Amino acid sequence: MNLGAGDTFPPADTDLDLMARTRVPDLPPLPNRASPHARKWQEIAAEFVGGSELSVLHALLISHLRKREFPPDAPILFRRLWVEQGDRLLHSLSTRWLISAITTFGDHGATEAERLLGAKAGVLFAAMKIYEAERLYSGLSPSDAHPHKRPAHVEMPMGMTQFSLATGGLDINLLAPIWRDAGQVPVAGPIVLALMGRLNADPGTVFARLQTMRAAKADAKAARQRRHEGPARPLTP
């Protein structure tokens with residue numbers, strides 16, 4: 001995403017407070033021969049019109065840091081944003097951009113803990129995106145759990161054993177270590193904690209649907225138990 005003649009890239013000591021207070025205006029069209037950097041800046045600015053220029057800078061940094069080559073100040077400035085403006089960004093960015101941010105920490109974190117947490121969270125949300133996108137072809141909406149019935153008696157791929165809906169803790173064991181680690185990583189950790197909160201509140205994820213299916217299975221089991229035991233007998237004096 002090369003810079004063209006006349007393009008500038010914010011230096012590492014950019015005044016972030018000033019950018020946080022500056023609103024993004026509607027920008028005029030770019031000339032036909034604008035550089036990739038200028039076109040990306042324009043595209044991002046259009047998404048955040050009326051918002052803070054801080055959000056534009058954050059998104060532009062991520063776009064550069066995803067490339068093989070990027071301005072030398074980009075990793076420094078990206079981390080400065082989260083060290084100094086983390087609270088603002090957590091409250092203003094969409095889930096999409098928070099996921100992009102933590103994934104960027106996986107490649108450009110300043111510490112091993114930041115990179116490891118970013119890599120773990122990035123894999124989690126990438127896997128969720130793949131699964132949730134494929135599931136849409138079932139015709140079910142994201143918040144619709146599968147109806148309560150026995151799963152198909154077919155082999156799992158790669159010889160894996162089937163996940164037990166009633167007693168399996170794979171979903172909890174997948175999320176809990178990431179949540180635990182996030183509490184111990186000062187700069188990148190709050191991003192993951194915010195994302196975990198949003199995940200927990202969203203009824204349209206595989207984790208929420210599993211909870212719904214567990215509850216339905218438990219209700220069905222309790223109903224069978226009541227039928228087996230028959231009506232309660234009155235106590236005799």
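Quick note: numbers below take in every heavy atom, side chains included, and nothing from hydrogens, waters or symmetry partners. The structure presented is a predicted model; accordingly, all values stated were derived computationally and were not measured.
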Asks: So which atom in D73 and which in A12 form the shortest heavy-atom distance, rounded to 0.1 Å?
Replies: OD2-N, 3.3 Å

Asks: For S100 and R66, does a side-chain donor sit closer than 3.5 Å to a side-chain acceptor?
Replies: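 Short answer, yes.
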
Asks: Just so I know, are the side chains of L93 and S55 near enough to count as touching, which here means a heavy-atom distance under 4.5 Å?
Replies: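 They are in side-chain contact.
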
Asks: How long is the straight-line distance from OG1 of T22 back to CG of D17, given to the nearest 0.5 Å?
Replies: 10.5 Å

Asks: Just by distance, no angles: are the side chains of E47 and W97 close enough, under 3.5 Å, to form a donor-acceptor pair?
Replies: yes

Asks: Measuring from T111:OG1 to L117:CG, what's the distance to the nearest 0.5 Å?
Replies: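 T111 OG1 to L117 CG: 9.0 Å, rounded to 0.5 Å.
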
Asks: With a 4.5 Å cut-off on side-chain heavy-atom distances among I, L, V, M, F, W and Y, is there a chain of contacts connecting L18 to L77?
Replies: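 Unlinked, L18 and L77 end up in two clusters.
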
Asks: Would you say T95's side chain and L195's backbone share a donor-acceptor pair under 3.5 angstrom?
Replies: no

Asks: Any side-chain to backbone donor/acceptor pair from H64 onto L60? Under 3.5 Å, distance only.
Replies: no

Asks: Sorted by first residue and then second, give each side chain to side chain donor-acceptor pair (under 3.5 Å) pair with at least one member in residues 127-136; sequence neighbours left out.
Replies: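 Qualifying pairs, neighbours excluded: E132-R209.
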
Asks: Taking all heavy atoms of D107 and all of R115, pick out the closest pair and write down the distance.
Replies: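 Looking at all heavy atoms of both residues, the shortest contact is O-CD, 4.4 Å.
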
Asks: Judged by atom type as modelled, is there a donor-acceptor pair below 3.5 Å linking the side chain of D202 to the main-chain atoms of R198?
Replies: no

Asks: Please find the pair of heavy atoms, one from A101 and one from F78, that lie closest to each other, and give the distance.
Replies: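 Looking at all heavy atoms of both residues, the closest pair is O-CZ, 3.6 Å.
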
Asks: Got a second to check how far M196's CE is from L175's CG, nearest 0.5 Å?
Replies: 5.0 Å

Asks: Closest heavy-atom contact between N173 and P177?
Replies: O-CD, 3.0 Å

Asks: Is L98 reachable from V83 through a run of I, L, V, M, F, W or Y residues, each pair having side-chain heavy atoms under 4.5 Å apart?
Replies: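 Same cluster: V83 reaches L98 through Ile, Leu, Val, Met, Phe, Trp or Tyr contacts under 4.5 Å.
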
Asks: With sequence neighbours excluded, give me every ring-ring contact (aromatic ring centres under 6.0 Å, His included) pair touching residues 107-129.
Replies: F70-H108

Asks: State, without any angle test, whether Q211 and R214 hold a side-chain donor-acceptor pair at a distance under 3.5 Å.
Replies: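 Yes, R214 and Q211 have a side-chain donor paired with an acceptor closer than 3.5 Å.
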
Asks: With clusters defined by side-chain heavy atoms of hydrophobic residues (ILVMFWY) lying less than 4.5 Å apart, directly or transitively, does V192 cluster with L116?
Replies: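 Looking at the clustering, V192 is in a separate group from L116.
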
Asks: Give the C-alpha distance, both sets of side-chain angles, the deciding distance and a yes or no for side chain to side chain contact (heavy atoms under 4.5 Å, CB included) between V185 and F105.
Replies: CA-CA 11 Å; V185 181; F105 269 102; over 6 Å; no

Asks: Would you check if the side chain of R79 reaches a backbone N or O of G109 as a donor-acceptor pair within less than 3.5 Å?
Replies: no

Asks: When the ring planes of H58 and W82 are compared, do they come out parallel, tilted or perpendicular, using 30° and 60° as the limits?
Replies: perpendicular

Asks: Would you confirm whether E84, through its side chain, and R80, through its main-chain N or O, come within 3.5 Å as a donor-acceptor pair?
Replies: no

Asks: Could you give the distance from CD1 (I76) to CG (L81), rounded to the nearest 0.5 Å?
Replies: 12.5 Å

Asks: Do the non-hydrogen side-chain atoms of L16 and L57 ever get within less than 4.5 Å of each other?
Replies: yes

Asks: Any sub-3.5 Å donor-acceptor pair from Q42's side-chain atoms to P28's backbone N or O?
Replies: yes

Asks: Given F207, which of I172, D171, N200 fulfils the side chain to side chain contact (heavy atoms under 4.5 Å, CB included) condition?
Replies: D171

Asks: Hey, are the side chains of L174 and L124 touching, using non-hydrogen atoms and a 4.5 Å cut-off?
Replies: yes

Asks: Surrounding CG of D26 (heavy atoms of other residues, nucleotides or ligands, distance under 6.0 Å), is the total greater than 12?
Replies: no

Asks: Any chain of hydrophobic side-chain contacts (each under 4.5 Å) joining V187 to I178?
Replies: yes

Asks: Carefully, step by step, assess E43 and K40 under the rule salt bridge (charged side-chain N to carboxylate O under 4.0 Å, His left out).
Replies: CA-CA 5 Å; E43 175 188 329; K40 192 65 178 180; 3.4 Å; yes

Asks: Counting C-beta onward and ignoring hydrogens, is there a side-chain heavy-atom pair between P75 and L65 closer than 4.5 Å?
Replies: yes

Asks: Between M156 and L210, is there a shared hydrophobic cluster once you connect ILVMFWY residues whose side-chain heavy atoms come closer than 4.5 Å?
Replies: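 Unlinked, M156 and L210 end up in two clusters.
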
Asks: Does the side chain of Q184 reach to within under 4.5 Å of the side chain of R180, using non-hydrogen atoms?
Replies: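 Side chain of Q184 against side chain of R180, heavy atoms only: contact under 4.5 Å found.
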
Asks: Please list all pairs meeting ring-ring contact (aromatic ring centres under 6.0 Å, His included) that have one or both residues in residues 170-198, counting only residues at least two apart or in different chains.
Replies: none

Asks: Do you know the tightest heavy-atom contact between V56 and A45?
Replies: CG2-CA, 4.1 Å

Asks: If you compare all heavy atoms of L3 against all heavy atoms of T8, which two are closest, and at what distance to 0.1 Å?
Replies: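 Where L3 meets T8 most closely, the heavy atoms are CD2-C, 4.0 Å.
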
